[in-house]
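This report concerns only the one structure given below.
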Amino acid sequence: MTLLNDLSRRELQFYLSSPYPCSYLPGRMARSLVATPNERVDTAVYSELIRFGFRRSGAYNYRPQCSQCQACVPVRLAVDEFQRSRAQRRAWKAHSGMSAGLRELVYDPEHHELYRRYQSSRHTGGGMDQDDREQYERFLLQSQVTTYLVEFRDGDVLRMVSLIDRVRDGLSSVYTFYDPGLPRASFGTYNILWQAELCRELGLPYLYLGYWIAYSRKMAYKINYQPLEGLVDNRWQRLPPAAVG
């Protein structure tokens, strides 16, 4: 807890949330350790928090703190050693013709519409497909750190939008949504590969991928990107491809 104690001396405080239903493992309750106040979490502070397992959702900085469960493992890809698998090479080849453009972190109704379609298709019943403009902006467009908003187009057609934070030793993949109308597409895979390439171009060693959860279909795929490091027992260590929680 040395890092948290050091950050607390900078007037950053931490509180434990009330229990809430886990989003990934049905039937379980979760709790989060939350950093506050939000306005003190700039890029420098967040660069330290992310190395201690924290993530950002809008202006909300948190990490899982569940007393009976350690299924959520913070993970990062060591990009200099990363080699694409055969399936990943196919995804790269299939979508490398898309153009990527950096946009300002401001509301775009075209992005919002794609987000609504993505949520409706991929997360039916989760409620996020009903997010109005205010909810969408609060979730994706509020940031106290250095954040890139990147849109991917196939010609003039918007296919994907990705939010990426830049921290001291890498990039952090915040959230990505894409066109759900092409069932054979591999947009999610391509996006991670694209971000890994951006890390290399910027000379950054890590791509932070959030939490890996072995028993969650939505989160288990991250183990396919190797070498993957996980924060286990407060120490970053390699996770083998067949790792289980």
Side-chain angles (χ1 to χ4, degrees), residues 22-25 30 32 43 46-58 60-64 70-85 87-89 91-92 95 100 118 122-123 139-140 143 145-150 152 160-178 186-245:
C22 179
S23 301
Y24 301 107
L25 298 176
S32 294
T43 297
Y46 188 60
S47 294
E48 297 185 56
L49 285 173
I50 201 169
R51 290 190 295 109
F52 211 65
F54 280 75
R55 293 289 290 171
R56 183 182 70 80
S57 177
Y60 180 76
N61 301 280
Y62 70 96
R63 74 171 190 186
Q70 285 78 48
C72 294
V73 179
V75 290
R76 65 188 187 186
L77 176 65
V79 297
D80 288 341
E81 300 175 58
F82 172 57
Q83 297 290 328
R84 299 171 192 157
S85 68
Q88 290 163 357
R89 290 196 298 270
W92 181 262
H95 300 304
Y118 171 81
R122 295 303 178 106
H123 303 289
F139 175 42
L140 292 178
S143 175
V145 305
T146 302
T147 301
Y148 306 139
L149 190 160
V150 185
F152 296 81
M160 180 165 57
V161 175
S162 188
L163 275 293
I164 308 165
D165 287 340
R166 179 165 181 167
V167 293
R168 184 173 298 141
D169 62 351
L171 298 176
S172 173
S173 187
V174 179
Y175 200 79
T176 296
F177 53 96
Y178 48 81
S186 302
F187 292 129
T189 298
Y190 175 77
N191 188 261
I192 292 177
L193 302 178
W194 187 89
Q195 292 186 40
E197 285 301 308
L198 182 59
C199 282
R200 286 173 171 153
E201 290 178 17
L202 296 173
L204 300 171
Y206 297 114
L207 175 60
Y208 288 87
L209 293 174
Y211 300 111
W212 168 68
I213 306 173
Y215 302 111
S216 168
R217 181 181 58 82
K218 295 178 181 179
M219 306 293 276
Y221 72 91
K222 298 175 185 181
I223 203 68
N224 296 324
Y225 297 86
Q226 291 288 331
L228 194 69
E229 298 181 1
L231 185 62
V232 180
D233 297 326
N234 291 324
R235 181 171 65 88
W236 288 99
Q237 50 192 289
R238 294 289 169 91
L239 300 176
V244 295

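Treat the numbers as computed from the prediction; the structure is a model and nothing was measured. Heavy-atom basis, side chains included; hydrogens, waters and symmetry copies ignored.
Under the 4.5 Å side-chain criterion, counting only non-hydrogen atoms from C-beta, Leu239 is in contact with Ile223. Within the 4.5 Å cutoff, no side-chain heavy atoms of Val167 are placed close to those of Val145. Residues Arg168 and Glu48 have side chains in contact (heavy-atom distance under 4.5 Å, counting atoms from C-beta outward). Using a 4.5 Å cut-off on side-chain heavy atoms (C-beta onward), Tyr221 and Ile192 make contact. Side-chain contact between Leu140 and Phe177 is present, with at least one heavy-atom pair separated by less than 4.5 Å. With contacts defined as side-chain heavy-atom distances shorter than 4.5 Å, the pair Asn224/Thr189 does not qualify. At a threshold of 4.5 Å between non-hydrogen side-chain atoms, the residues His95 and Tyr178 do not count as touching. Contact of the Ser172 side chain with the Arg55 side chain is registered, since non-hydrogen atoms from C-beta on lie closer than 4.5 Å.
In plain terms, the two heavy atoms of Ala91 and Ser186 that are nearest each other are CB-CB, 3.7 Å. Closest non-hydrogen pair, Ile50 versus Trp236, comes out as O-CZ2, 4.0 Å. The minimum heavy-atom distance between Val150 and Ala100, with the atom names listed, is CG1-CB, 4.1 Å. Across Ala196 and Phe82, no two heavy atoms sit closer than the pair CB-CD2, 4.4 Å. Closest of all the heavy-atom pairs between Ala78 and Arg238 is CB-NH2, 4.1 Å. A pairwise comparison of heavy atoms in Ala71 and Leu25 identifies CB-CD1, 3.8 Å as the closest pair.
With sequence neighbours excluded, the residues forming a side-chain hydrogen bond (donor to acceptor under 3.5 Å, both in side chains) with Arg200 are Glu197, listed by chain and number.
Atom CD of Glu229 sits about 10.5 Å away from atom CZ of Arg235, to the nearest 0.5 Å. Taken to the nearest 0.5 Å, the SG atom of Cys22 stands 6.0 Å off from the CD1 atom of Ile213. Note that CD1 of Ile164 is 8.5 Å distant from SG of Cys199, once rounded to the nearest 0.5 Å. Between the CG atom of Leu198 and the CG atom of Leu193 there is a distance of 13.0 Å, given to the nearest 0.5 Å. Interatomic distance, CZ of Arg56 versus CG of Asp165, reported as 4.0 Å (0.5 Å rounding). Taking CZ of Arg51 as the reference point, atom CG of Leu231 lies at 10.5 Å (rounded to 0.5 Å).
Partner of Gln195 under the side-chain contact (heavy atoms from CB on, under 4.5 Å) criterion, chosen from Leu207, Leu77, Leu209: Leu207.
Heavy atoms of other residues, nucleotides or ligands lying less than 6.0 angstrom from CD of Gln83 number 12 at most. More than 12 heavy atoms of other residues, nucleotides or ligands lie within 6.0 Å of OH in Tyr62, so this atom counts as buried by the packing criterion.
A distance-only check finds a donor-acceptor pair linking the side chain of Tyr211 to the backbone of Gly53 [under 3.5 Å]. Remark: the backbone N or O of Thr146 is paired with a side-chain donor or acceptor of Thr43 at under 3.5 angstrom. In this structure, Arg89 contributes its side chain and Arg84 its backbone to a donor-acceptor pair below 3.5 Å. Formation of a donor-acceptor pair under 3.5 Å by the Ser85 side chain with backbone atoms of Gln88 is found in this model.
Between Phe52 and Phe54, the ring center distance fails the sub-6.0 Å criterion. For an aromatic pair to be called close, the ring centres must be under 6.0 Å apart, and Tyr175 with Phe139 satisfies this.
Using a 30° and 60° split on the angle between ring planes, Trp194 and Phe152 fall in the perpendicular class, above 60°.
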Using the side-chain contact (heavy atoms from CB on, under 4.5 Å) rule, take Leu204 and Arg166 through it: C-alpha gap first, then chi angles, then the decisive distance, then the call.
CA-CA 9 Å; Leu204 300 171; Arg166 179 165 181 167; 3.9 Å; yes
